[in-house]
2 protein chains.
Amino acid sequence: MGTPLSRDPIAEARRNWEDHGWSDVAAPMAAITAIMRTQQILLARIESVLKPFGLTFARYELLALLSFTRKGALPMNKASALLQVHPTSVTNAVDRLERAGLVARSPHPTDGRTTLVGLTAEGHTVAQRSTSALNSQVFSEPGFPPGDVDALIRILGDFRRSAGDFEEMP
Amino acid sequence: MGTPLSRDPIAEARRNWEDHGWSDVAAPMAAITAIMRTQQILLARIESVLKPFGLTFARYELLALLSFTRKGALPMNKASALLQVHPTSVTNAVDRLERAGLVARSPHPTDGRTTLVGLTAEGHTVAQRSTSALNSQVFSEPGFPPGDVDALIRILGDFRRSAGDFEEMP
DNA sequence: TCCAAACGGTTGGATGTCCTAGTATATTCA
DNA sequence: TGAATATACTAGGACATCCAACCGTTTGGA
């Protein structure tokens, strides 16, 4: 995040789209590009808060997910489904968290294909502390006023449902 | 995007946050997580459309940016500023596009530090064709109704301005 | 005129994404 | 009962992100 540009590059792109005769898709293009940029900004903020815990957002999400389960453990395929990432991304995160001593793999008691990933005591502590940090440093000042937060939840919930993420009705 | 989950994992996470006493930040957390997931879905759609052109979104954005300049060329530092990515990301993209014959580097006429990156004839063609494909396959059916598109543009524009992206007032 | 500071771009590295392909295990169906 | 199919997870790889550090060039000020 260097010095601000004097003009909004996405508004500029939208004008370019309109100038080229693509007016009917200029607004969706701008909205989608704005989502990309907003994610990038938020990810950078989140990662700077997590860095002192030795975490990235991907690793944090797995720790947080585990911390909300009853036993602090999940089958890896379940983690992949709930985090909505490819199984190889879960393998990567578990590898790194295991190496850091925050989780441990264990075999499933009855299914030889399945590996459980569970929080260690230290993993539980780091999950709690990093969540506190995110709550106070990112989520309490998200950069959106409350009305916009509610609008985003509705708009992006509708989008995710229509994209096939889940079936729950509002 | 496998089979839909029966429940919205982000709504679930929000309930977890509320159950743990973090009600005041549960909604922003859900909004931010939804932005992350929405970006991921959109990126996957965009990349599947670009794949037949041998492009990724990062490479496409650079080609598109160049195609809107007068001479089809820009200094690399300018590209970095306008695309809002780190200079090393531009180096990476230029390397790959140059290798594919879609752009070429050239020295700046008067500033020995500066490298220009310009579209080749083939790069120009690929930029046009891939933009057409995105317009017809992604931007014409973004997954958001028009009212939501306008709301996103306003909300995310306000966010990006307050994050220091640009100074232009609405 | 010279030097320190800044700029531009690269290199090497860490990280995480998903793809393809492989192996081990479980399930289903004939 | 056995074979085909499906599932779970991994390995190797391509890709793109940004960080830290470096080198060459330009700029500005003493």
Side-chain angles (χ1 to χ4, degrees), chain A residues 1-3 36-37 39-48 50-63 74-100 103 105-117, chain B residues 1-3 36-37 39-48 50-63 74-100 103 105-117:
Chain A
M1 210 92 68
T3 57
M36 299 306 198
R37 173 59 184 156
Q39 183 269 349
Q40 183 192 10
I41 295 170
L42 290 167
L43 183 61
R45 284 184 189 172
I46 289 169
E47 302 234 313
S48 75
L50 293 174
K51 192 175 177 116
F53 300 94
L55 294 177
T56 60
F57 186 51
R59 282 179 241 173
Y60 165 77
E61 283 203 296
L62 180 56
L63 285 191
L74 269 181
M76 288 174 69
N77 64 326
K78 263 297 205 156
S80 166
L82 291 169
L83 294 175
Q84 294 175 307
V85 294
H86 199 273
T88 54
S89 298
V90 174
T91 298
N92 180 279
V94 173
D95 282 351
R96 294 175 189 284
L97 289 169
E98 192 171 41
R99 203 176 298 148
V103 304
R105 281 178 167 93
S106 57
H108 193 278
T110 60
D111 189 334
R113 295 169 297 182
T114 297
T115 299
L116 297 175
V117 53
Chain B
M1 210 92 67
T3 56
M36 301 303 197
R37 174 58 186 157
Q39 183 268 351
Q40 182 193 11
I41 295 170
L42 291 167
L43 183 62
R45 285 184 188 172
I46 289 169
E47 301 232 317
S48 75
L50 292 175
K51 190 171 178 123
F53 300 94
L55 294 176
T56 60
F57 186 50
R59 284 180 241 172
Y60 166 75
E61 284 203 295
L62 181 55
L63 284 192
L74 269 182
M76 287 175 70
N77 63 328
K78 264 292 202 158
S80 167
L82 291 170
L83 294 174
Q84 294 174 305
V85 295
H86 199 273
T88 54
S89 298
V90 174
T91 297
N92 182 279
V94 173
D95 282 351
R96 295 174 188 283
L97 289 168
E98 191 170 43
R99 203 177 299 149
V103 304
R105 280 177 166 92
S106 59
H108 192 278
T110 60
D111 188 333
R113 294 169 299 182
T114 298
T115 299
L116 298 175
V117 53

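Residue numbers start from 1 in every chain, and the chains themselves are labelled A, B, ... in the order their sequence lines are given, proteins ahead of strands. These values consider heavy atoms only, across backbone and side chains, with no hydrogens, waters or symmetry-generated copies. From a predicted model like this one, the values you see are computed outputs, not experimental measurements.
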Trainee: Taking the minimum atom-to-atom distance to the side chain of B/Met76, which one of C/dG9, D/dC15, D/dC9 wins?
Mentor: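 Within the option list, the nearest is C/dG9.
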Trainee: Could you note down all residue pairs passing salt bridge (Lys or Arg N to Asp or Glu O under 4.0 Å) where residues 75-89 of chain B supplies at least one of them, sequence neighbours left out?
Mentor: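 Not a single pair qualifies under salt bridge (Lys or Arg N to Asp or Glu O under 4.0 Å).
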Trainee: Please report the interatomic distance CG(A/Leu50) to OH(A/Tyr60), rounded to the nearest 0.5 Å.
Mentor: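 Going from CG on A/Leu50 over to OH on A/Tyr60, the span is 7.5 Å.
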Trainee: B/His86: what forms a side-chain contact (heavy atoms from CB on, under 4.5 Å) with it, not counting sequence neighbours?
Mentor: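 Result, side-chain contact (heavy atoms from CB on, under 4.5 Å) vs B/His86: B/Thr88, B/Ser89.
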Trainee: Provide, to the nearest angstrom, the distance between the CZ atom belonging to B/Arg96 and the P atom belonging to C/dT11.
Mentor: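 Answer to the nearest Å: 13 Å.
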Trainee: Kindly write out the residues that satisfy side-chain contact (heavy atoms from CB on, under 4.5 Å) with B/Asn77, not counting sequence neighbours, or none if the list is empty.
Mentor: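 B/Pro75.
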Trainee: Tell me every residue that passes side chain to side chain donor-acceptor pair (under 3.5 Å) with B/Glu47, counting only those two or more places apart in sequence or in another chain.
Mentor: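 Listed in chain order: nothing, the list is empty.
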Trainee: Separation of A/Glu98 atom CD from D/dC9 atom P, in whole Å?
Mentor: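 Rounding to the nearest Å, CD of A/Glu98 and P of D/dC9 are 13 Å apart.
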Trainee: Would you kindly give the CG-to-C1' distance between A/Asn77 and D/dA6, to the nearest whole Å?
Mentor: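 Distance, rounded to whole Å: 13 Å.
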Trainee: Could you tell me the separation between the CG atom of B/Leu116 and the C1' atom of D/dT25, rounded to a whole number of Å?
Mentor: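 Answer to the nearest Å: 15 Å.
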Trainee: Give each protein N/O atom lying under 3.5 Å from an N/O atom of nucleotides 18-22 of chain C, with the pair distance.
Mentor:
| from | atom 1 | to | atom 2 | distance (Å) |
| --- | --- | --- | --- | --- |
| C/dC18 | OP1 | B/Gln40 | NE2 | 2.9 |
| C/dC18 | OP2 | A/His86 | N | 3.0 |
| C/dC18 | OP2 | A/Ser89 | OG | 2.8 |
| C/dC19 | N4 | A/Thr88 | OG1 | 3.1 |

Trainee: Nearest heavy atom decides the nucleotide; on that basis, is A/Arg105 or B/Val90 closer to the 5' end of DNA chain D?
Mentor: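 Its nearest nucleotide lies further toward 5', so the answer is A/Arg105.
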Trainee: Starting at atom CD of A/Glu61, determine the distance to atom C1' of C/dT17, rounded to an integer number of angstrom.
Mentor: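 Atom-to-atom, A/Glu61 to C/dT17, this comes out as 13 Å.
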Trainee: Measure NE2/A/His108 against C1'/D/dA8 and give the value in whole Å, please.
Mentor: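 Computing the A/His108:NE2 to D/dA8:C1' distance gives 11 Å.
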Trainee: Within this structure, what is the CG-to-P distance between A/Leu82 and D/dA8, rounded to whole angstrom?
Mentor: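 In whole Å, D/dA8 P and A/Leu82 CG are 13 Å from each other.
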Trainee: Scan for salt bridge (Lys or Arg N to Asp or Glu O under 4.0 Å) pairs involving residues 81-100 of chain B, sequence neighbours excluded, and state none if there are none.
Mentor: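 Qualifying pairs: B/Asp95-B/Arg105, B/Glu98-B/Arg105.
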Trainee: Under 4.0 Å, counting only non-hydrogen atoms across every strand here, what does B/Thr91 touch: a base, just sugar-phosphate, or nothing?
Mentor: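 Base, at least one base atom sits under 4.0 Å.
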